[in-house]
Asks: 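Pasting a structure here, questions to come.
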Amino acid sequence: MRKIYGHTTGLKTSQLRRLDKLYRRRIPSELIISPELAREVCQLSHDIRRQIGLMVDRQGKVTYVIAGDHHKIFIPNVRNLRAAPGRLMGLRCVHTHLKSEILTQDDLTDLVLLRLDLMAAITLKPDGFPDQLWAAHLLPRDTSERPYQMLAPENPYQPIFPCLETIQALEAEMAHQQARHAPREGRERTLLVSVTTASRRRAQASLRELAQLAESAGLDVVDTVLQQRERVDPRLVLGQGKLKDLAIAAMQKNIALLVFDQELNSSQIRSLTDRIELKVIDRTQLILDIFAQRARTREGKLQVELAQLNYLLPRLVAKNTAMSRLTGGIGGRGPGETKLEINRRRVRERIARLEHSLRQVQKQRKQQRARRSKRRLPVISIIGYTNAGKSTLLNALTHSDVQAENRLFATLDPSSRRLRFPQDLEVIITDTVGFIRDLPRELMAAFRATLEELENADLLLHVIDISNPQYEAHVRAVERILADLGLENIKTIRVLNKQDRIDAETRSRLVRTLDGVALSATQRPSLRPLIARMATALSADQLTVDCD
Ligand SMILES: Nc1nc2c(ncn2[C@@H]2O[C@H](COP(=O)(O)OP(=O)(O)OP(=O)(O)O)[C@@H](O)[C@H]2O)c(=O)[nH]1
Ligand SMILES: [Mg+2]
């Protein structure tokens, strides 16, 4: 006997045998269901007082027989029940409704989330004979109305709907849509998702930053979804209905990746990827991914891989199908598919090895630093939120050309430059990796050593982009990280950068409230007041720099 799925407890052997017989039936491929099979399944459903569902492939073969309860059936979560990208599942679901009830919300949700070829329900007459056949199919094109089409009810004894032909036409349309929304230059088409209990404004600001992060990671952000909820669903994060909307948008816009603005735990990632045919990552993983793309030095690379593995370790679940998607990273740039099929033990071993190598590299750097400090050169470190203009300021101060770009985390590996002054004074000035709100713990731990070098700084220049509406939150985030690193007592000058982008009044107000020096790192003459402040801070009053 073949397996009968679903709610089979309490069924008699004879009933199970009749259910099993359904596997032997063939349906002419042009019909949703043949009149004989409709009659049989309805009679049986009437006898057992439960819904019965059949999953039927395109050749008309019954591949799964499912017993439900009085009101619904559950389509089993079977491994090969998955639609390939840009395709329908290849199976239609035909089930009985004991009462004369048309397709329910649950039926339509299954249709959408599983990308069924078709969803059909046969209603029963009180005597157990088929009454009407209701069916719906997906609409691959974005029509802004419903994403599915309900068909007019049919008489199950005289079916006329051209089933196979319609499914094939739908798939052709899907292929067309896919071609229309093909990824540009290999950039993955991405949907950003935020589920929040906080205010809409805050969530929107956070989403804007997430969009910049995605941009920085080389993704193509196609759409953004924001859901405000009383509480975040512990299992699915967002509501069932919203998830359905996402699945539709993903299908219609050929989206490959969902990026959540909040951290997801392993069970959330699993339940999401079980239900939706997309790769799912969170903000932390996105940041880790950017770091992985940018790391250039050996130390940087070791730190990033360590952070990635530490992040993945608690999320490694045995035999989790979502795992390959979770660990693939963006464009498969994560720690690597093969590496992640290895079990926890191997990951732990790798972590230990990375930590060891990192300690070696750091020891060497410490020696270098000791040599440097023998010469007693004062050190000025430029810190601040990512994209604030740190590298631009370093360049302006030292006439160098460290890469400065309008993207988050342009700088990853710290660079140092000497700043030589006419009066025999020389300082070392260093640019650092940008800070960010909710810096992933794993990164913070991995970068601790690099960041802790800041403790040797005689002076910190905290660069703040005052043209960014979120500047206050940025200042708070940076100061919190400094405090975490125990660096809050180092003399700091707040550099209020990008003054050219705000009006004079706001500028003077901010100079007062933030007690900083305003300038534009892109306009060298505006650096003069800062240099004067640096001189005072370092008690080197003759410090002068040619700014013209
Ligand atoms: N309008 C204006 N743009 C500026 C100013 N300073 C920097 N920028 C721009 O801001 C962007 C970011 O500058 P970066 O110097 O790369 O910023 P960063 O702080 O080093 O950023 P990360 O290394 O990514 O953390 C670049 O596009 C700069 O050209 C300024 O004073 N005015
Ligand atoms: Mg930089």
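In listed order, ligands and their atoms are each counted from 1.
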Asks: So, Tyr311 versus Asp282: side-chain donor-acceptor pair below 3.5 Å or not?
Replies: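 Yes, because at least one side-chain N or O of Tyr311 sits under 3.5 Å from a partner of the opposite role on Asp282.
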Asks: Is the shortest N/O to N/O distance between Leu519 and ligand 1 below 3.5 Å?
Replies: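 Between Leu519 and ligand 1 (N or O atoms, distance only) the closest approach is not under 3.5 Å.
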Asks: Determine whether the side chains of Gln228 and Thr196 contain a donor N or O and an acceptor N or O closer than 3.5 Å.
Replies: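 Judged by distance alone, the side chains do not pair up.
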Asks: Using 0.5 Å steps for rounding, measure from the CG atom of Leu226 to the CG atom of Leu192.
Replies: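 If I round to the nearest 0.5 Å, the distance is 11.0 Å.
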Asks: Among the heavy atoms of Gln499, does any lie under 4.0 Å from an atom of ligand 1?
Replies: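 Outside the 4.0 Å threshold, so no.
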Asks: Around atom 17 (O) of ligand 1, find the nearest protein heavy atom and jot down its residue, atom name and distance.
Replies: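 The protein heavy atom lying closest is Gly389 N, 3.1 Å.
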Asks: By number and element, which atoms of ligand 1 are closer than 4.0 Å to a non-hydrogen atom of Thr386?
Replies: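 Contacts of ligand 1 toward Thr386, numbered from 1: 22 (P), 24 (O), 25 (O).
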Asks: Specify the protein heavy atom at minimum distance from atom 16 (O) of ligand 1: its residue, its atom name, and the distance to 0.1 Å.
Replies: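 Result: Glu405 N, 2.9 Å.
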Asks: Is it true that some N/O/S atom of Asn387, main chain or side chain, lies under 2.8 Å from the Mg ion (ligand 2)?
Replies: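 Here the distance criterion (N, O or S atom, under 2.8 Å) is not met by Asn387, so no.
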Asks: Side chains of Asn406 and Asn387: do they bring a donor and an acceptor to under 3.5 Å?
Replies: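 There is such a pair (donor and acceptor under 3.5 Å, judged by atom type) between the side chains of Asn406 and Asn387.
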Asks: Check each atom of ligand 1 against the heavy atoms of Ala521 and keep those under 4.0 Å away; list them by number with element.
Replies: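 Once the distances to Ala521 are compared, the set is 6 (N), 31 (O).
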Asks: At their closest point, which heavy atom of Val517 faces which heavy atom of Leu530, and how far apart are they?
Replies: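 Reported closest heavy-atom pair: CG1-N, 3.7 Å.
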Asks: For a 4.5 angstrom cut-off between non-hydrogen side-chain atoms, does Tyr385 reach Asp465?
Replies: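 When only atoms from C-beta onward are counted, Asp465 and Tyr385 do not touch, as no gap falls below 4.5 Å.
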Asks: Is it the case that Ser526 and Ser520 place a side-chain donor and acceptor less than 3.5 Å from each other?
Replies: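 Side-chain D/A pair, Ser526 to Ser520: absent.
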Asks: Within a reach of under 6.0 Å around CZ of Arg229, are more than 12 heavy atoms found that belong to other residues, nucleotides or ligands?
Replies: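 Check passes, neighbour count above 12.
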Asks: Quick check on contacts: which atoms of ligand 1 are under 4.0 angstrom from a heavy atom of Arg407?
Replies: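 Per the distance check, 24 (O).
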Asks: Verify whether one side chain among Asp503 and Thr506 offers a donor that lies under 3.5 Å from an acceptor in the other.
Replies: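 Distance-only check passes for Asp503 and Thr506.
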Asks: Does the side chain of Asp289 come under 3.5 Å of the side chain of Gln285 through a donor N or O and an acceptor N or O?
Replies: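 The answer is no; no qualifying pair exists.
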Asks: Could you list the atoms of ligand 1 found under 4.0 angstrom from a heavy atom of Ala404?
Replies: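 In order of number, 14 (P), 15 (O), 16 (O).
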Asks: Suppose I only count heavy atoms of Gly434 and a 4.0 Å limit; which atoms of ligand 1 are within that range?
Replies: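 In order of numbering, the contacting atoms are 25 (O).
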Asks: Number the atoms of ligand 1 from 1 as they appear, then name those within less than 4.0 Å of a heavy atom of Ser520, with their elements.
Replies: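 The atoms of ligand 1 under 4.0 Å from a heavy atom of Ser520 are 31 (O).
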Asks: Going by distance alone, is a donor N or O of one side chain under 3.5 Å from an acceptor N or O of the other, for Arg437 and Ser206?
Replies: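 The criterion, which ignores hydrogens and geometry beyond distance, is satisfied for Ser206 and Arg437.
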Asks: Mark yes when over 12 heavy atoms from residues, nucleotides or ligands other than Arg187 sit less than 6.0 Å from its CZ; otherwise mark no.
Replies: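 Check passes, neighbour count above 12.
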Asks: Counting only heavy atoms closer than 4.0 Å, does ligand 1 sit against the backbone of Asn497, its side chain, both, or neither?
Replies: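 The side chain, only.
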Asks: For atom 3 (N) of ligand 1, grab the closest protein heavy atom and report residue, atom and distance to one decimal in Å.
Replies: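 Checked against all protein heavy atoms, atom 3 (N) of ligand 1 sits closest to Lys498 CD, 3.8 Å.
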Asks: Report yes if Asp500 has an N/O atom closer than 3.5 Å to an N/O atom of ligand 1; otherwise report no.
Replies: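 Yes - when backbone and side-chain N and O of Asp500 are compared with those of ligand 1, one distance drops under 3.5 Å.
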Asks: Can you tell me if Ala388 has a non-hydrogen atom under 4.0 Å from ligand 1?
Replies: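 Ala388 counts as a contact of ligand 1 under the 4.0 Å cut-off.
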Asks: What protein heavy atom lies closest to atom 18 (P) of ligand 1? Include the residue and the distance to one decimal.
Replies: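 Here the closest protein heavy atom is Lys390 N, 3.4 Å.
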Asks: For ligand 1, which atoms have a heavy atom of Asn387 less than 4.0 angstrom away?
Replies: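 Those of ligand 1 that fall under 4.0 Å from Asn387 are 11 (C), 12 (C), 17 (O), 18 (P), 19 (O), 21 (O), 22 (P), 24 (O), 25 (O).
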Asks: Do Gln177 and Gln252 get their side chains close enough for a donor-acceptor pair, meaning under 3.5 Å?
Replies: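 Looking only at side-chain atoms, Gln252 and Gln177 do not form any donor-acceptor pair under 3.5 Å.
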Asks: Provide, to 0.1 Å, the distance between atom 24 (O) of ligand 1 and the closest protein heavy atom, together with that atom's residue and name.
Replies: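 Residue, atom and distance for the closest contact: Ala410 N, 2.5 Å.
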Asks: Just which atoms of ligand 1 are under 4.0 Å from any heavy atom in Ser391?
Replies: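 Selected atoms, number and element: 15 (O), 18 (P), 20 (O).
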Asks: Pick, from Thr392, Ile383, Ile436, Asn468, the option with the minimum heavy-atom distance to atom 28 (C) of ligand 1.
Replies: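 Checking each option, the heavy atom nearest atom 28 (C) of ligand 1 is found in Thr392.
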Asks: Given that the side chain starts at C-beta and the backbone is N, CA, C, O, which of these parts of Gln523 lies under 4.0 Å from ligand 1, counting heavy atoms, or is it both or neither?
Replies: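 Looking at Gln523 and ligand 1, no heavy atom falls under 4.0 Å.
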Asks: Hey, does Arg501 come in under 3.5 Å of ligand 1, counting only N/O atoms on both sides?
Replies: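 N/O-N/O distance under 3.5 Å: no.
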